[in-house]
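To start, the structure under review is shown below, and the notes come after it.
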Amino acid sequence: MIELAGVLVVCAVLGALVDRAWLGDPARDGFERLGRAWMLGFGVAACLGMALDLVGLGVTATTFGVAGAVFALAVGAAARGKSWARVVAPDEPAVRSTGERVAIVVLALIAFASLAVVIRSGWVRPTFQFDAVTRWMFKAKALAVHGSLLGDVSYDPLFAFTHQRYPPLVSHVAALPAIFSGNFDDRITSAIFPWFAVAATLVVYGAVARRVGVLSGVFAAAWIATLPLVGYLAFPPPGAGAFSAMADIPLALFVTGAVLAASDALDGRRDRAHLEAGLLLGFALLTKNEGLPLAVGMGLGVLVLARGARLRRVAGIVGLGAGVYLALWGLVSLGFPALDEHYPDRLNVDAVQEGLDRIPLVAAAIGHELIDVRGWNVTWIAVLILLAVGWRRGATRGLSLVPIVVCVQIAAYSLAYVVTSWTSPAAELNTAGGDPLSYLLTLTLGRLMLHVAFVSIACAVIVAPLRWPSPHDPPGV
Amino acid sequence: MDRDQITQTIALLVVLLGIARWMPLIDVMPPWFGAEDPLHAVRLDDLAASEDGRGADGSSDPVRAMLRAGNPRRTPHFTRWLTFAHEIKAATPDDAVVQLKGISRNEGWILAYDLYPRHVIGEAKDHGGTTSDATDASANVVIVGGPAPYWEHVR
């Protein structure tokens with residue numbers, strides 16, 4: 001346990017220093033500060049590991065310890081003397097009623113209790129989810145054993161099933177406890193994954209609370225923490241539970257952070273928000289290939305929504321994200337074997353024409369997902385109602401980025417489903433020789449929607465904030 | 001109904017559903033297979049107590065096999081692979097090569113994870129591999145699937 005706690009502390013320190021030194025530390029309070037520290041720290045720690053691997057030093061307790069200490073000293077020097085500007089929502093009441101205070105405490109307890117159960121489950125259960133074992137955990141084990149991903153595991157076609165070109169941010173973070181302890185145990189390695197959900201919950205809480213008040217912030221936090229797809233595996237086949245060692249919740253964290261930062265930048269709410277958006281976009285790209293549509297969505301959104309210097313802003317945000325990705329993984333991974341289902345090869349007119357008859361199936365699956373209470377309770381219905389009710393009064397130029405990113409992300413996933421050549425022995429068993437797409441949709445659509453769920457919830461609660469009834473409200477309201 | 005009332009109603013619904021569907025579970029894994037669900041044969045508390053089960057000694061294997069198998073019928077199968085992996089790791093150096101014969105692709109990949117850094121080779125059953133495949137010259141150990149699986153040193 002000590003190694004896991006140590007890694008969480010190291011990541012929090014690295015992230016907090018980066019936040020203070022480079023990003024202006026806009027946190028509303030300590031909860032948001034901790035969430036932001038983990039969000040940034042997980043990304044920074046993984047980037048340090050990838051950089052050490054690239055320069056040939058490998059990731060060992062010694063090399064990571066020295067690199068981390070040097071980085072912390074350098075960034076810490078830049079952070080010295082910078083103060084924390086506490087940002088409070090403009091209409092935050094100076095004095096709260098007892099009822100509102102009780103509601104805030106109850107919602108916070110619900111969020112904490114939900115996350116605590118997930119953390120405990122991640123702590124005691126071994127890794128078992130098939131994709132987690134054969135991709136993320138496999139690479140984490142290779143890092144723990146060899147200190148590098150630039151060996152057989154990435155170049156030998158024998159390990160093609162690990163998806164060699166997939167970006168490895170979560171594997172680098174997950175491997176750290178084993179690298180420090182010298183002993184790979186997949187229960188400890190996978191136990192770090194629920195903390196991405198904790199960070200996401202705290203980040204959304206703070207981002208919402210800074211804009212529209214604490215009551216709405218804790219409501220958004222409780223909503224995210226109790227999402228069935230975050231908290232537990234709702235039904236077979238497995239979903240994307242925060243303890244399942246899948247990279248979907250980490251990606252959702254970085255998507256949420258990047259889009260909310262870009263939204264702040266577009267609204268001119270704070271300094272350094274462009275830098276934060278670019279950095280978090282880079283972390284998203286290093287987490288999963290599904291981060292690529294985010295670069296397109298953010299670029300397109302900023303281009304449409306920015307008031308001035310549009311190209312410069314797009315180039316800054318997308319350029320920084322792409323630069324981080326290409327420098328640490330994108331370029332070197334081009335030398336690894338590609339998958340049979342390599343999507344760039346399938347993005348052509350012939351493949352799209354061939355898959356046109358799949359569109360009704362994909363559209364129906366997405367529609368079904370939006371109303372699927374097993375995985376989502378009433379999340380997507382509630383999000384749509386809140387957006388409809390509050391958009392006209394509560395939306396800002398920056399928040400308009402959220403629907404653009406969500407639409408681009410879902411369109412990209414739909415296109416992937418249309419052109420995919422994916423199949424597997426399990427699909428052949430389950431579809432009796434039919435199109436394996438329906439089986440793929442069952443396996444993956446829920447966790448893909450999770451990538452945009454947190455930021456959608458944040459946006460919905462911001463445009464239609466929760467307001468505690470006041471005795472001064474007119475009767476009947 | 002004004003905007004605030006709609007927002008409050010939605011919030012109440014979201015929170016109540018969150019509590020109703022989630023909090024009473026305590027354990028985050030619902031019993032997929034009814035009262036006899038093997039996933040619940042090992043309680044979380046028992047698992048948490050087996051601290052010395054972390055790592056290679058195998059005391060977390062029952063729940064690991066159940067979770068990987070996902071159904072009671074296949075659980076003994078996954079338990080056997082875990083047992084083989086422990087035995088082979090104890091009997092071979094890290095650079096050994098393990099050949100699989102007549103084992104499915106997905107189970108082979110999981111064995112490759114359990115046995116890493118040993119390299120796992122062999123044609124998967126799904127791709128035409130059989131239990132009587134020729135032994136590769138580089139293999140130190142073979143694992144043979146079929147109705148009575150076993151493993152043996154070949155070099």
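Basis for what follows: all heavy atoms, side chains included, without hydrogens, waters or symmetry-related copies.
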Closest non-hydrogen atom pair between B:R3 and A:P465, with its separation = NH2-CD, 4.0 Å

query = Taking atom CD1 of B:I110 and atom CZ of A:F138, what is their separation to the nearest 0.5 Å?
reply = 11.5 Å

ask   = Are the side chains of B:T7 and A:L386 in touch, meaning some heavy atoms are under 4.5 Å apart?
value = yes

B:I121 side chain reached by A:L158 side chain, heavy atoms, under 4.5 Å = yes

task = Indicate the atoms forming the closest heavy-atom contact of B:V14 with A:A382, along with that distance.
result = CG2-CB, 4.0 Å

inquiry  = Can you tell me which portion of A:V389 sits under 4.5 Å from chain B's heavy atoms? Options are side chain, backbone, both or neither.
reply    = both

task = Taking all non-hydrogen atoms of both residues into account, name the closest pair between B:R68 and A:D186 and its distance.
result = NH2-OD2, 4.4 Å

Check: B:Q8 side chain, A:L466 main-chain N or O, donor-acceptor pair, under 3.5 Å = no

key: Atom pair CH2/CD1 of A:W223 and B:I10 - distance to nearest 0.5 Å   = 7.5 Å

task = Indicate the ring-plane relationship of B:W109 and A:F161, choosing parallel, tilted or perpendicular according to the 30° and 60° boundaries.
result = parallel

task = Identify which part of A:A142 has an atom lying under 4.5 Å from any heavy atom of chain B, answering side chain, backbone, both or neither.
result = both

task = Can you tell which part of A:A222 gets under 4.5 Å to a heavy atom of chain B, answering side chain, backbone, both or neither?
result = neither

message = Could you measure the distance from the CH2 atom of A:W376 to the CG atom of B:L17? Nearest 0.5 Å is fine.
response = 14.5 Å

message = Rounded at 0.5 Å granularity, tell me how far OH in B:Y116 sits from CE in A:M137.
response = 14.0 Å

ask   = Parallel, tilted or perpendicular for A:F159 and B:H119, by the 30°/60° rule?
value = perpendicular

Contact leader toward chain B among A:V153, A:T379, A:D152, where contacts are heavy-atom pairs under 4.5 Å = A:D152

remark   = In this structure, CD1 of A:I385 is separated from CD1 of B:I6 (nearest 0.5 Å) by 8.5 Å

Structural part of A:V463 lying under 4.5 Å from a heavy atom of chain B = backbone

note = Applying a strict 4.5 Å limit to non-hydrogen atoms, the region of B:D94 in contact with chain A is neither

Portion of A:L107 that has a non-hydrogen atom of chain B nearer than 4.5 angstrom = side chain

